[in-house]
Amino acid sequence: MDLSGRTALVTGGGGGIGRACAVRLAAAGAAVTVVDRDADRADAVAAEIGGRAVGVDLSDPRAAGELDAEVDIVVNNAGLQHVAPLEEFPPERFHHLHRVMVEAPFLIIRRALPHMYGRGWGRVVNISSVHGLRASPYKAAYVSAKHALEGLSKVVALEGAAHGVTANCINPAYVRTPLVEGQIAAQASNHGLAESEVIERIMLARAAIKRLIEPDEVAELLAYLCSPAAAFITGASIPLDGGWTAS
């Protein structure tokens with residue numbers, strides 16, 4: 001895959017899945033802008049790949065206006081989690097997750113589409129989740145935000161098709177990232193289990209393949225969706241879940 005001459009923007013690019021995606025796109029020749037709330041981490045990844053870094057908090061609606069609109073590839077990856085029963089879920093926390101994972105992608109895509117339409121080529125890849133396809137208790141904000149991202153992605157696919165723009169969601173189950181590793185440690189403490197038991201008995205209970213996904217595996221699927229071979233794939237939600245949604 002050769003993305004020489006293409007520009008890409010990756011949100012949440014300072015670590016985990018976002019970093020892997022930024023590295024993979026840069027390896028294919030794209031000029032990558034790494035966006036992250038942690039400016040130092042964004043700088044580190046950008047320096048590693050010869051890209052550009054922007055430190056912004058995507059929960060601020062003005063943040064999208066600080067990003068370059070002339071990009072050929074948009075990867076909406078930034079996200080966060082909050083776990084609580086619905087009746088105890090803080091409304092502001094609910095709104096915060098939706099601002100980062102729904103409103104920010106909308107604003108970023110909205111700014112990028114005129115450039116993509118002008119070039120007759122564009123790729124929007126939204127890093128959704130298995131929770132964009134299935135629900136789990138205590139994750140009202142995350143599950144509803146990912147479902148909304150799925151709908152947004154499909155609308156972009158329908159509107160962009162005539163202009164050479166595709167839009168798809170990647171739906172991973174649990175990926176080996178600092179965020180997930182923190183959840184593993186917390187659940188191990190809360191349930192009095194070993195971390196390996198948390199992974200097998202709680203996180204991977206629904207999956208056929210009993211291991212965490214590696215960030216590089218998500219990045220490889222992203223790379224495929226940006227390739228000529230994937231030009232007919234749009235409006236899709238592609239599970240990368242070890243069989244979670246098969247049952």
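Computed from a predicted model, the values in this text were never measured in an experiment.
- Applying the side-chain hydrogen bond (donor to acceptor under 3.5 Å, both in side chains) test to His115 and every residue at least two apart in sequence or in another chain returns Asp72.
- Within 6.0 Å of CZ on Arg93 lie more than 12 heavy atoms contributed by other residues, nucleotides or ligands.
- Through ILVMFWY side-chain contacts below 4.5 Å, Val102 is grouped with nothing and stands alone.
- Looking at Arg99 and Glu92, a side-chain N of the basic residue comes within less than 4.0 Å of a carboxylate O on the acidic one, giving a salt bridge.
- Using a cutoff of 4.0 Å between basic side-chain nitrogens and carboxylate oxygens, Arg24 and Glu220 are scored as salt-bridged.
- Applying the salt bridge (Lys or Arg N to Asp or Glu O under 4.0 Å) rule to Glu214 yields the partners Arg176; only residues at least two apart in sequence or on another chain are considered.
- The other members of the hydrophobic cluster of Met101, by chain and number, are Leu80, Leu97, Val100, Tyr142 (side-chain heavy atoms under 4.5 Å, ILVMFWY only).
- With Asn171 contributing its side chain and Ile238 its backbone, the two residues share a donor-acceptor pair below 3.5 Å.
- Taking Ile, Leu, Val, Met, Phe, Trp and Tyr as members and joining any whose side-chain heavy atoms lie under 4.5 Å apart, directly or through other members, the hydrophobic cluster of Phe94 also contains Phe89.
- One N or O on the side chain of Asn77 and one on the backbone of Gly12 form a donor-acceptor pair closer than 3.5 Å.
- In this structure Ser237 satisfies the side-chain hydrogen bond (donor to acceptor under 3.5 Å, both in side chains) test together with Glu150, Lys154, sequence neighbours excluded.
- For the residue pair Ser128 and Asn126, no side-chain donor N or O sits within less than 3.5 Å of a side-chain acceptor on the partner.
- Using the six-membered ring where Trp is involved, His131 and Trp244 have ring planes that are perpendicular, over 60° apart on the 30 and 60° scheme.
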